[in-house]
Amino acid sequence: MKRIIPIALLALLILSCDSSPLMAAVYPRDYGLLDAKTGVERYRALYNAHIDALKRNEQVDYSGIKELDLEIPKDAESIPLGRTTDFKGLVLTVRNTTKDFYLFSLANATKEVSVPQNTIDGHNFTGIKELSSGTKLLIVEDKTPWVKERKGYNHAVYRKDILLIKDGIAQNNTVMPYGVDTKSQPVCRYADVDTRQKKVSNLTFRRTSDSSYKTCLLQIDGQNNVLLKNLNTVTPANENLNGDHIIYITNSANITYKNINIEGVYCPKDSWGYGVSMDNVYNVKCYNVTGSGTVFGSNNINTSSLKDCSLSRYDIHCYGRDVKMANCTFWGSGFRTSSFYGDLVYKRCTLKYYLPVSIRNEYSCNVPYNLVMKNCTYYMSDQYNYVIYTGNTNYQTARRKELEEKCLPNVKIDGLTIIPDEDVKVTYLFLVGHHDADARFDYLSDINVKNVVVQGNQDFKICTSPFEVKNEAEVTFRKKGGDGIKMRTNKISITER
């Protein structure tokens, strides 16, 4: 017996299935891609295909396109992406001798909105017409400097926050409040977004060795719920290019990286460059992100997690909150941060000459947070034979009220195997500044260290030199199998043999 499906129901089934082969699509080959004779012509074919796809609200179909060589013309504009872009395994090689450039973009327009300062901290925006219904991103920028002068850079540093708002109610908090005695000057913009996932996937991106300008793969701005999956980038060494950020994400929420590999970045010695750079992003999730270059360098990051990653670096330069890492391997300079709040958590991680905490001197922002390490392994060198670097305690800069106190993180370690190099004579929990004498901090409440195993005859000490805290700190220290000690003190200088 034949089953008859009503026409209306059949149409609904087709529309509800994003993967249906019956869906309309834009094919780059229809724009002269396969007949193009130069890299510039191939760039223009891709650009025109994506522009038409956006106009028609259709996807670009990369089926059958395995490799492409592009060259960036002088008049090039970033290629805009729709909600879903599956490159289907494409190997894309780009040569650039014209200008620094983002090849693809996923950007959203923003509008100014007036928001009272106390409303930002109160989470209820139903009284503001522009934010009272639908899903919005509220972008907050404080015009009062967070750090008046960044030492060595001769510029101020400003904090930013991003709030995800649904029907007038904020779904998250700012990193720190705005309604404090310091005269914050928040300026706000908003973007209309939705909860549907945006996706960019299945691409290998290569930059040629003879490129004289940077081609960055992707810029994402003002977006909610973005998945970047199965992306591989390859960058040859180039001593003439720096300031890299292959993937750049700003003013966005709910960003997920899955199966991302960064092979090299433009970053000559004594310069900077990152595989992924982020600024003002909420809720970042990383799964199986790997890299041989300096991968992450960011500011203003509110809540992030990493699982099964292998990275040379993950840091938040200035202003951030809550990072949790599990089953990850790190090497390189360490987690370098300042103005970091909440919890910094390492679980079952391997650190290869990588500092779990390195407080950046140039911002002079020693604020309170919690360092948690559980069942980790730490390979120590003679250069990095400590867990926490406190920053240079002698450097001061003009401070906001929020930064007046100079604090150290509370420490909770349960299970840490230290494997020192042969030339390491002693291992430490704290390296206080550059061996500052008589260092003094305003706040530290708890040091709880247990189940520490040092593979060798080295001592494990609390600090390189004595320091004081104004409050009494509770110190609990026990090596694996030992009775341990527990005390309250404001003079931290303890050795357990």
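We're numbering straight along the sequence, starting at 1. Keep in mind that what you see is a predicted model, and the values were worked out from it rather than measured. The figures here come from the full heavy-atom set of this structure, side chains too, leaving out hydrogens, waters and symmetry mates.
Under the 30°/60° scheme for interplanar angles, the aromatic rings of Y102 and Y248 are found to lie parallel. Note on ring orientation: taking the six-membered ring where Trp is involved, the planes of Y384 and Y386 are perpendicular (angle over 60°, cut-offs 30° and 60°). Aromatic ring pairs are classed by plane angle as parallel below 30°, tilted from 30° to 60° and perpendicular above 60°; the pair H245 and W272 is tilted.
Ion pair K136/E130 not flagged as a salt bridge, since none of the NZ, NE, NH1 or NH2 atoms sits closer than 4.0 Å to an Asp/Glu carboxylate oxygen. D315 and R360 are joined by a salt bridge, as a carboxylate oxygen and a charged side-chain nitrogen come within less than 4.0 angstrom of each other. No salt bridge links D75 with K99; every basic N to acidic carboxylate O contact stays at or beyond 4.0 Å. In summary, D142 and R159 engage in a salt bridge, as defined by a charged side-chain N under 4.0 Å from a carboxylate O. Here E362 pairs with R150 in a salt bridge; the nearest charged N to carboxylate O distance falls below 4.0 Å.
The shortest non-hydrogen separation linking V367 to C407 is C-CB, 3.8 Å. Considering all non-hydrogen atoms of both residues, P356 and F335 come closest at O-CB, 3.2 Å. Closest non-hydrogen pair, S132 versus T126, comes out as CB-O, 3.4 Å. In terms of heavy atoms, D244 sits closest to C216 at OD1-SG, 4.0 Å. The two residues I246 and G264 come nearest to each other via the heavy atoms CD1-O, 3.8 Å. Closest non-hydrogen pair, V26 versus A49, comes out as CG1-O, 3.5 Å.
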Mind running ring pair (Phe, Tyr, Trp, His ring centres under 6.0 Å) on F467 and F430 for me, showing each step along the way?
-> CA-CA 10 Å; F467 64 88; F430 289 100; 5.5 Å; yes
Report the C-alpha distance between I262 and V295 in whole Å, list the side-chain angles of each, state the deciding distance to 0.1 Å, and finish with yes or no for side chain to side chain contact (heavy atoms under 4.5 Å, CB included).
-> CA-CA 7 Å; I262 307 290; V295 178; 4.2 Å; yes
Residues Y389, N361; criterion side chain to side chain donor-acceptor pair (under 3.5 Å); working and verdict | CA-CA 10 Å; Y389 173 60; N361 292 326; 3.3 Å; yes
Please report the C-alpha distance between N254 and N225 in whole Å, then the side-chain angles of each, then the deciding distance to 0.1 Å, and finally whether the side chain to side chain donor-acceptor pair (under 3.5 Å) criterion is met.
-> CA-CA 5 Å; N254 298 312; N225 191 8; over 6 Å; no
Evaluate the criterion side chain to side chain contact (heavy atoms under 4.5 Å, CB included) for residue pair I260 and N288; output intermediate values, then yes/no.
-> CA-CA 7 Å; I260 308 295; N288 190 31; over 6 Å; no
I would like to know whether T84 and V200 meet side chain to side chain contact (heavy atoms under 4.5 Å, CB included); could you show each step before the answer?
-> CA-CA 6 Å; T84 300; V200 181; over 6 Å; no
Verdict with supporting geometry, S252 and Q223, side chain to side chain donor-acceptor pair (under 3.5 Å) = CA-CA 5 Å; S252 296; Q223 299 291 331; over 6 Å; no
May I have the step-by-step check of side chain to side chain contact (heavy atoms under 4.5 Å, CB included) for L103 and Q219, ending in yes or no?
-> CA-CA 8 Å; L103 184 57; Q219 180 184 31; over 6 Å; no
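K88 and S63 share a donor-acceptor pair across their side chains, judged by distance under 3.5 Å alone. A side-chain donor-acceptor contact under 3.5 Å links N410 and S445. Side-chain contact check for E263 and N261: at least one donor-acceptor pair (N or O, by modelled atom type) lies under 3.5 Å. Side-chain atoms of T235 and R207 form a donor-acceptor pair, as typed in the model, at a separation below 3.5 Å. Under the 3.5 Å distance criterion, with hydrogens and angles disregarded, no donor-acceptor pair is assigned to the side chains of E141 and Y158. With hydrogens and angles left out, the side-chain atoms of R321 and N302 include no donor and acceptor closer than 3.5 Å.
Y287 places a side-chain heavy atom less than 4.5 Å from the side chain of T256. Annotation: side chain of F205 is not in contact with side chain of V234 (no heavy-atom distance under 4.5 Å). S338 has its side chain out of reach of F340: every pair of non-hydrogen atoms, C-beta onward, lies at least 4.5 Å apart. You'll find the side chain of Y190 stays beyond 4.5 Å of the side chain of L137, heavy atoms only. Side-chain contact between I316 and V323 is present, with at least one heavy-atom pair separated by less than 4.5 Å.
Atom CG in L231 sits 13.0 Å away from atom NZ in K258 (nearest 0.5 Å). The CG atom of D442 lies 4.0 Å from the NZ atom of K470; values are rounded to the nearest 0.5 Å. Note that the NZ atom of K347 and the SG atom of C376 stand 10.0 Å from one another [nearest 0.5 Å]. Atom-to-atom distance recorded for D221:CG and I139:CD1 is 6.5 Å, nearest 0.5 angstrom. Note that CG of N96 is 9.0 Å distant from CG of L241, once rounded to the nearest 0.5 Å.
The six-membered or imidazole ring of Y353 lies away from that of W331, with a centre-to-centre distance of 6.0 Å or more. Taking the six-membered ring for Trp and the full ring otherwise, Y354 and Y314 have centroids separated by 6.0 Å or more. Taking the six-membered ring for Trp and the full ring otherwise, F87 and F104 have centroids separated by under 6.0 Å.
Listed for the N108 side chain is a donor-acceptor partner under 3.5 Å among the backbone atoms of D192. Within the 3.5 Å criterion, the main-chain N or O of C318 finds a donor-acceptor partner in the side chain of N299.
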Side-chain donor-acceptor contacts of residues 273-282 below 3.5 Å, not counting sequence neighbours, with atom names and distances?
residue: Y274; atom: OH; partner: H317; partner atom: NE2; Å: 3.0
residue: S277; atom: OG; partner: G297; partner atom: O; Å: 3.2
residue: D279; atom: OD1; partner: N300; partner atom: ND2; Å: 2.7
residue: D279; atom: OD2; partner: K160; partner atom: NZ; Å: 2.8
residue: N280; atom: OD1; partner: D161; partner atom: N; Å: 3.2
residue: N280; atom: OD1; partner: I162; partner atom: N; Å: 3.2
residue: N280; atom: ND2; partner: D161; partner atom: O; Å: 3.2
residue: N280; atom: ND2; partner: N251; partner atom: OD1; Å: 3.0

